[in-house]
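Computed from heavy atoms alone, side chains included, the values below leave out hydrogens, waters and symmetry copies. Order of listing sets the numbers, starting from 1, for every ligand and every atom in it.
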Amino acid sequence: MLSQLHQLREIVQDVSAAPTFHKALEVMVREVRIALGTEVCSVYLRMPGRGQYLFAANEGLNPDAVGRATIDEGVGLVGLVSERAEPVNLEAASQHPRYFHMPEMGEEPFNAFLGAPIIHHREVLGVLVVQQREKRRFDESEEAFLLTLSAQLAAVIAHAEAVGDMANFVNANDDREDLKIQGIAGSPGIALGVATVVHPAASLDGVPDKEAESVTVELMVFDRAVESVRNDIRRISDQFAQSLPREELALFDVYLHMLDDDAITGDVRQRIRRGEWAQGALKNVIREHLSRFKRMEDAYLRERATDVEDLGLRVLAYLQDIRTHKAHFPPDTVLVGEEITPSMLTNVPAERLKGVVSKRGAVNSHVAILARALDIPAVMGVVDLPTHQLDGQPLIVDGHYGEVYANPSAKLTAEYQTVLAEDREFAEELNELRGLPCITLDGHRVLLWVNIGLTRDISRSLDRGAEGIGLFRTEVPFMAQDRFPTEEEQRRLYRSHMEAFEPRPVTMRTLDVGGDKALSYFPIAEDNPFLGWRGIRVTLDHPEIFLAQARAMLKANAGLQGVLRIMLPMVSSISEVEEAQRLVGQAHREVTEEGFEVKDPLVGVMVEVPSAVYQARELARRVDFLAVGSNDLTQYMLAVDRNNSRVADLYRDFHPAVLRALREVARNAQAERKGVGICGELAGTPIGAVLLMAMGYQVLSMNATNLPKVKWLLRNIKRTDARRMLARVLKMERAEEIRQYMEGQLIDAGLGRLVPSHHEPA
Ligand code: PEP
Ligand code: MG
């Protein structure tokens, strides 16, 4: 007897591996019926927009009713399960007042009824039902089993719904023009372009299903890849012949045998001959073999699944290598993928990249920050993105609303072209403000600085009138290397920025790795990376890294007028600041001893975690300035991972707790007469900029793209009005209320051009 856990896993695996949605439903009812030993199992699916449930799959009732019979929402026991959003377990279904008799179904002989709702993101998508003749209540463990299963199956159904499989299935909608897929607004703006699907090197999941352009070429490419892997394995085997014990060496023979034996390669060739491209054929064959191996009872054979996967990845790596040489980005590329990374984004020639759509990630993922800096519209966390079907297809990316439209109609395209033209016109208008200071209508001066990471940001930032660098993300150049950069390499890079900005101030943040920022040559593997070895914690543990960086910063600043500001990320206690100050002092002495004429830098602390908010006063007393990293501060105050799209709607910039924290930091810095700025993304949002200015933040540091918009906004508002708004907002209890109130205020003040809802296409 298989354990319940094992059974659950198998069902979910088989359902996920089914080639079509229809088959997935069939597998689901068949296997659930067997697992629970019942006579009937059915799935009812809600038909979006129809107010009905469809009898979508079944074992044990009248097969003719499947795919035809429907039941209105709110009717019968299915309706009851859905309304209550919890299981209904009955000994005799027909005696329940909500029982609804549908003669065509053939349910009469069945008494026991157990229905579980299928819920995804709080929404009931369908109902999974088992039934039995015998009059009895299903026991607790059966109920729990069905509930567990339906929670897992919900994702499969939600996905089918999103990609339109479900619409096809229920015949509700054959015309999939303007298919809207919802995500999270990652970077504002509109892009009309062609989807180019990219996937991380050698990941089977990211490989799309496509037809072969030429079967002969695909066969050749595949054979070449297999031969290369064979050579690699022989080479590795020879290399280890002396040092490895016999049993271990035998593994290489197993691999070679698998490649020679036609089981895998033969299946792939067959699929290619039937018209699939090599990568897709390989993916499908490996998946089939994997699911077969994983189901084996014998532990040794089950383990072989890993070998099959490993081999598959090796061949895929070669296939993709052959492909990447040919990688072609059309002139209006919209980069689409499971997880778009900063390096994928920087691989596309800048003039060709028009938009980004990523299945994973959220608004403050670093790739979204990068997209904003480059002024590329991006939609993140598009959980239900049918990546595989989009390659080469026209797409509209609405970065204001976080929406993606596949197969756009001429009408929608024209509407979006109008919005795009308006955006451009506004950008040109903003350009005229370039040389003007950011000063409110009642004469209050605010400094607008930039956040920078890539050298290519420099000229854009200066072009847009940045008055300084408020955050230099030094980890970005560190990430682009395959070892730590030397002190001299760092000095040159930092110097080029300081010279370009001279005599403006430059804020250099010490290396901030960990969390979601990894260096390939310095891997940090942790279960809980955002609460782990991150930012200042890493560099204090490695003073050699900290010192080299501080020395490079000081030397880069030698002889310049521009003020060097060194900023410490992820500070959570006073002792970290003291230790860092000691190291900066040491670096200063060393550099002076080497003969450089260096000024004392300003040293500041980033307020990114709640403890720093509560100790803002003590921190401010010890340093020259405070700068709030609101991206992390929001994440840590609200306990919401900034990268996790599942909880993205809990990440609220204007959460009352976050706003109160921000005000506290500003007050404490002012009480110590120290400078206070902010360099999180909040500073570059219209509502954020107004509220922060009202709180007394002197420096708002943001990406170059937002800078002109914020300048336009602040030049058109009075500080007294902003303070009045702040006072109101601080009394509010909900983020949504705050956002709506502020949007209304901006619209009333004639500043609605920056409010997204004023931007909606007709
Ligand atoms: C922040 O956390 O707000 C910040 C500016 O730092 P980063 O986004 O690089 O973590
Ligand atoms: Mg941060």
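Side-chain contact check for Thr539 and Gln549: no donor-acceptor pair (N or O, by modelled atom type) lies under 3.5 Å.
Within the protein, the N, O or S atoms lying under 2.8 Å from the Mg ion (ligand 2) are Glu608 OE2, Asp632 OD2.
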Residues 602-615, side-chain donor-acceptor partners within the protein, below 3.5 Å, at least two apart:
residue, atom, partner, partner atom, Å
Glu608, OE1, Met570, N, 2.8
Ser611, OG, Ser572, O, 3.0

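Every pair passing salt bridge (Lys or Arg N to Asp or Glu O under 4.0 Å) that includes a residue from residues 681-694 is listed here, sequence neighbours excluded: Arg372-Glu681.
Open room surrounds CD on Glu733; 12 or fewer heavy atoms of other groups in view lie less than 6.0 Å from it. For Arg724, the CZ atom counts as densely surrounded, since its 6.0 Å shell holds more than 12 non-hydrogen atoms of other residues, nucleotides or ligands. Counting non-hydrogen atoms of neighbouring residues, nucleotides and ligands closer than 6.0 angstrom, the CZ atom of Arg723 reaches no more than 12 such neighbours.
A salt bridge links Arg739 and Glu743; the closest N-O separation between the charged side-chain nitrogens and carboxylate oxygens is under 4.0 Å.
At least one donor-acceptor pair under 3.5 Å links the side chain of Arg434 to the backbone N or O of Asp463.
For a heavy-atom separation below 4.0 Å, the residues in contact with ligand 1 are His366, Ile369, Leu471, Arg473, Arg509, Asp512, Lys517, Arg534, Met606, Glu608, Gly629, Ser630, Asn631, Asp632, Arg642, Cys679, Gly680.
Ring geometry for Phe522 versus Trp533: interplanar angle of 30 to 60°, hence tilted.
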